[in-house]
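Worksheet for the structure shown next.
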Amino acid sequence: QQLKTFLDSLPEDERGRKQHLPIATMPSFVGMEFNQPSFSDEEILALIVAAALDEKPQTVLRLAIATIYGCRVGEIAKLSSKSFGLNHNVGVIDVPTEKRGKRVPQPIPEELLPLFRIPLKTRKKDCIECDLKRICRKANIKLRYRLGIHGIRRSVVTTLYSSTDLKEISIRRFLRWSEGRESGSMPRYVKTPAQVTDIEVLEKHPYVEMWKSVMSYLSSLPQYQPYVHFNEIPGFE
């Protein structure tokens with residue numbers, strides 16, 4: 001009704017017809033391309049190795065969570081030891097999901113449980129981004145424009161989608177995306193529990209294998225000795 005009122009109020013030309021409104025065209029901006037950078041698999045491995053050898057255990061744990069679960073920087077910032085449920089050889093992580101995502105505890109690979117037993121405190125988002133920049137320098141990775149923690153999330157999505165035979169709905173659940181209308185009707189009809197599909201994702205996750213390959217070296221580094229015994233997994237609740 002408001003639009004009709006506005007059109008009716010337009011002046012008429014000499015023939016009594018409503019004048020046409022000039023149609024504005026969007027200007028073209030040079031260099032304003034849609035930019036969503038991510039890390040390559042080789043760069044992710046370089047980050048893991050550089051962090052494991054020369055970073056504080058808490059920083060290494062946050063990087064592990066980022067590269068495995070594809071967490072947003074705000075989600076990582078809120079994580080603490082209270083976010084983990086650890087009991088003997090079984091563990092789950094409860095990610096404080098953002099953007100209306102579904103919050104469901106996700107399994108932790110058994111081989112990585114010693115790493116998740118490291119005491120963890122919340123940390124500011126800016127500090128987490130600074131940690132990543134420092135690790136990139138150590139790994140000789142040039143930080144491209146807009147490449148940060150969210151770039152790791154994009155890398156997780158890309159490698160799960162392109163390097164595995166996982167179904168898209170399993171990847172969406174694992175990344176804790178909201179299942180709104182844009183997801184279609186499929187999530188409402190698929191009754192496979194998220195815990196089951198999460199285990200399948202972790203078993204095929206390329207970055208999980210990268211972390212498993214460095215776990216045996218961590219036990220020989222002095223910075224890990226005060227926190228955990230990597231040769232055995234004691235009972236813990």
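- For T158, the side-chain contact (heavy atoms from CB on, under 4.5 Å) criterion is met by S162, not counting sequence neighbours.
- With contacts defined as side-chain heavy-atom distances shorter than 4.5 Å, the pair L79/Y69 does not qualify.
- Taken to the nearest 0.5 Å, the CD1 atom of I68 stands 8.0 Å off from the CG atom of L115.
- Residues D165 and K204 are paired through a salt bridge, judged by an N-O separation under 4.0 Å between the basic side chain and the carboxylate.
- A donor-acceptor pair is defined here as one N or O able to donate and one able to accept, closer than 3.5 Å; such a pair exists between the side chain of R144 and the backbone of S38.
- More than 12 heavy atoms of other residues, nucleotides or ligands lie within 6.0 Å of NZ in K138, so this atom counts as buried by the packing criterion.
- For the pairing with F84, the side chain to side chain contact (heavy atoms under 4.5 Å, CB included) check across L113, L120, V92 returns one residue only, L120.
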When you look at E111 and M215, which way does the side-chain contact (heavy atoms from CB on, under 4.5 Å) test go after all the steps? CA-CA 8 Å; E111 296 87 345; M215 285 298 293; 5.6 Å; no
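- Of the inter-residue distances, the one linking I108 atom CD1 with I65 atom CD1 reads 7.5 Å to the nearest 0.5 angstrom.
- In this model, a donor atom of one side chain and an acceptor atom of the other lie less than 3.5 Å apart for R176 and Q106.
- Here the closest heavy-atom approach between residue L86 and residue G91 is recorded as CD2-CA, 3.9 Å.
- The backbone N or O of L175 lies less than 3.5 Å from a partner atom in the side chain of R153, making a donor-acceptor pair.
- In this structure, W211 and L63 have side chains that are in contact, with non-hydrogen atoms separated by less than 4.5 Å.
- Atoms CD and CG, from E43 and L143 in turn, are 9.0 Å apart once rounded to the nearest 0.5 Å.
- Side-chain contact between T159 and I44 is absent, with no heavy atoms from C-beta onward closer than 4.5 Å.
- Minimum interatomic distance between I76 and I149 (heavy atoms only, all atoms of both residues): CD1-CG2, 3.9 Å.
- Taken from CG in L45 to OG in S40, the straight-line distance is 9.5 Å, to the nearest 0.5 Å.
- Residues V201 and T164 have side chains not in contact (no heavy-atom distance under 4.5 Å, counting atoms from C-beta outward).
- V208 and V90 are members of different hydrophobic clusters when ILVMFWY side chains are connected at heavy-atom separations under 4.5 Å.
- Heavy atoms only, all atoms of each residue included: I118 and S81 are closest at O-OG, 4.1 Å.
- Proximity of a side-chain donor or acceptor of Y145 to a complementary backbone N or O of P37 within less than 3.5 Å is not detected.
- The two residues D198 and P107 make their nearest non-hydrogen contact at CB-CD, 3.7 Å.
- With T67 contributing its side chain and A64 its backbone, the two residues share a donor-acceptor pair below 3.5 Å.
- Without hydrogens or angle criteria, Q223 side chain to P57 main chain gives no donor-acceptor distance under 3.5 Å.
- Under the 4.5 Å side-chain heavy-atom criterion for ILVMFWY residues, a single connected hydrophobic cluster contains both L53 and Y207.
- With a 4.5 Å cut-off on side-chain heavy atoms, L47 and L132 count as touching.
- Interatomic distance, CD1 of I128 versus SG of C71, reported as 10.0 Å (0.5 Å rounding).
- Ring pair F174/H205 is perpendicular by interplanar angle, where above 60° counts as perpendicular and below 30° as parallel.
- Residue K56 places its NZ atom among 12 or fewer non-hydrogen atoms of other residues, nucleotides or ligands, all under 6.0 Å distant.
- Using modelled atom types, no side-chain atom of T122 and backbone atom of K78 make a donor-acceptor pair closer than 3.5 Å.
- Rounding to the nearest 0.5 Å gives a distance of 15.0 Å between NZ of K124 and CD of E129.
- Note on L221: it clusters hydrophobically with V49, by side-chain heavy-atom contacts below 4.5 Å among ILVMFWY residues.
- Scanning both residues, P226 and P222, for their nearest heavy atoms gives CD-O, 3.4 Å.
- Cluster membership check: I152 shares its hydrophobic cluster with Y161, using side-chain heavy-atom separations under 4.5 Å among Ile, Leu, Val, Met, Phe, Trp and Tyr.
- Side-chain contact check for R134 versus D131: some heavy-atom pair is nearer than 4.5 Å.
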